[in-house]
Amino acid sequence: MKTLSDLLAEGVAGRRVLVRADLNVPLDGDKITDDGRVRASVPTIKALADAGARVIVTAHLGRPKGEPDPKFSLAPAAARLGELLGTEVALASDLVGPSATSVVGALTDGGVVMLENVRFDARETSKDDAERAALADELAAFADAFVSDGFGVVHRKQASVYDVAQKLPAYVGGLVEAELKVLKKLTDDLERPYVVVLGGAKVSDKLGVIANLLAKVDRLLIGGGMAYTFLKAQGHEVGTSLLQEDQLDQVKGFLTEAEKRGVELVLPVDVLVTAEFGNVEHDVVGTDSIPADKMGLDIGPKSRELFASKLADARTVFWNGPMGVFEIETYAGGTRAVAEALVKSDAFTVVGGGDSAAAVRALGLPEDGFSHISTGGGASLEFLEGKELPGISVLES
């Protein structure tokens, strides 16, 4: 697999380089509320521009339905990237049309431009190989080389991730290379005790990774909305809390498998409950006494102490998913407690992207307090699940 360093060594001055970045940032209107992914994209783009390349950035934002939608424009990302680079980043008003052709044609050495949201073209996410290949051909026509630097999408077989890498000399970007190095440390070269903390809304999103991790971890801590399916599987009343009844049998199997393998599976012992989602008026109850008419929105104070104690002796920690509805300050305490325990830890700590990474920044915690904060939650989970990542396999081949 050729790297960014290899490309730079070959010489890029005057060459057009297409960079697939991950700029899928959260927006409030046209304001970016967390620019972490934009900042993470800067080193690779800057290295190319500083070496005289003509850099063409392609990326997606949100889930438009295969056609232009102003609310998913990359304009805020282009503006922020320009601020961080200290130079204007012109944004084409289309992906591979007249505007893109004009903007790319006007590029000079060391310049950076951005194409409009790649998902405005339905071919990007098509299941039809020929449709994706046709879009990849049009993207490849703009460039002399391709750099894959959007780790958040390498688990997708999409035109700008997978197919274009078959059309141009392809290289792995610095961000993706760093992500892979960290994840391989979690699978091939880890120190024990190895503790994984999983949260977030749905058990179904993490079935594969839980099944795979039970053969590898020493301790598994479960919080967030997914914890209530585990509690229900143990026979507890969970009230109106988030519950995936169709996963109960699978979760019961996990509980049995954990016991058989000697994996310590830790669940909350108390939770913050309320009658209605978003209501800040709440009670703290034990997980064996959740009222039938109330829902849990965060782990409670005893659970926070319990989880922190279970992280204290860890040598390796992977965390993916908040412990509660951290966007509401009242229910952010559990997520903050886990994050602060990791900051205090001497372990190799990896925050697995997505909402966990957003929570770290939203809660004002020091990013350098963690060994690594991933930019790709889904990609991280699929790697740990043992799945092949198409955007990586195509670079390796």
Side-chain angles (χ1 to χ4, degrees), residues 22-28 31-40 60-63 150-156 179 182-183 186 195-210 213 220-230 241-242 244 268 271-272 277-278 295-299 303-304 307 311 317-343 349-367 369-385:
D22 180 8
L23 305 177
N24 189 25
V25 291
L27 295 176
D28 181 3
K31 181 182 178 184
I32 297 174
T33 58
D34 178 7
D35 70 351
R37 283 177 168 163
V38 184
R39 286 188 285 111
H60 77 281
L61 194 155
R63 295 184 178 180
F151 182 70
V153 289
V154 293
H155 58 315
R156 305 297 188 194
E179 294 271 14
V182 166
L183 290 173
L186 290 180
V195 182
V196 170
V197 187
L198 295 179
K202 297 179 179 179
V203 175
S204 55
D205 292 343
K206 299 182 173 75
L207 287 175
V209 74
I210 293 172
L213 286 172
L220 181 60
L221 281 54
I222 304 287
M226 62 186 292
Y228 299 100
T229 303
F230 277 83
S241 305
L242 189 62
Q244 289 187 276
V271 292
L272 273 58
F277 184 85
M295 63 180 70
L297 294 183
D298 193 16
I299 62 173
S303 299
R304 297 168 195 175
F307 280 27
L311 291 165
V317 181
F318 175 77
W319 169 37
N320 181 279
M323 299 294 99
V325 187
F326 75 92
E327 298 88 346
I328 301 172
E329 178 60 31
T330 303
Y331 304 111
T335 302
R336 182 185 295 278
V338 166
E340 289 178 343
L342 296 190
V343 170
T349 54
V350 178
V351 180
D355 286 341
S356 310
V360 166
R361 290 186 279 266
L363 296 173
L365 295 164
E367 293 187 44
F370 306 88
S371 304
H372 181 73
I373 298 180
S374 178
T375 56
S380 298
L381 289 174
E382 290 201 13
F383 185 96
L384 293 180
E385 193 176 330

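Computation of the quantities below employed the complete heavy-atom set of this structure, encompassing side-chain atoms and omitting hydrogens, waters and symmetry-equivalent molecules. Along the sequence shown, residues carry numbers from 1.
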Per-pair distances, 0.1 Å, donor-acceptor, side chain in residues 351-362, under 3.5 Å, sequence neighbours excluded:
residue	atom	partner	partner atom	Å
Ser356	OG	Gly321	N	2.4
Arg361	NE	Asp34	OD1	2.6
Arg361	NE	Asp34	OD2	3.0
Arg361	NH2	Asp34	OD2	3.3

For Glu382, side-chain hydrogen bond (donor to acceptor under 3.5 Å, both in side chains) partners two or more places apart: none
CG on Leu207 to CG on Leu381, rounded to 0.5 Å: 11.5 Å
Listed by chain and number, what are the side-chain hydrogen bond (donor to acceptor under 3.5 Å, both in side chains) partners of Thr33, not counting sequence neighbours? none
Give me the atom names and distance for the closest heavy-atom approach of Asp22 to His60. OD1-CE1, 4.2 Å
Testing the basics here: between Gly376 and Ser380, what is the closest heavy-atom pair and its distance to 0.1 Å? O-OG, 2.6 Å
Contacts of type side chain to side chain contact (heavy atoms under 4.5 Å, CB included), residue Val182, not counting sequence neighbours: Phe348, Val350, His372
Which heavy atom in Thr349 sits nearest to a heavy atom in Phe370, and how many Å separate them? OG1-CA, 3.4 Å
If you look at every heavy atom in Val197 and Leu311, which pair is closest and at what distance? CG2-CD2, 3.8 Å
Please check this pair: side chain of Gln244 against backbone of Ser204, looking for a donor-acceptor N/O pair closer than 3.5 Å. yes
Closest heavy-atom pair and its distance - Leu198, Lys206: CD2-CD, 4.1 Å
Could you tell me which non-hydrogen atom of Pro268 sits nearest to which non-hydrogen atom of Ile222, and how far apart they are? CD-O, 3.1 Å
For residues 323-333, the salt bridge (charged side-chain N to carboxylate O under 4.0 Å, His left out) pairs (sequence neighbours left out) are none
Nearest-0.5 Å distance, CZ of residue Phe318 to CG of residue Leu342: 11.5 Å
Could you tell me whether a side-chain N or O of Arg37 sits under 3.5 Å from a main-chain N or O of Asn24, the two making a donor and an acceptor? yes
With no hydrogens and no angle check, is any side-chain donor or acceptor of Ser241 less than 3.5 Å from a backbone partner on Gly296? yes
Which pairs of donor and acceptor atoms, one on a side chain in residues 332-341, lie under 3.5 Å apart (sequence neighbours left out)?
residue	atom	partner	partner atom	Å
Thr335	OG1	Met323	N	2.9
Arg336	NH1	Leu363	O	3.4

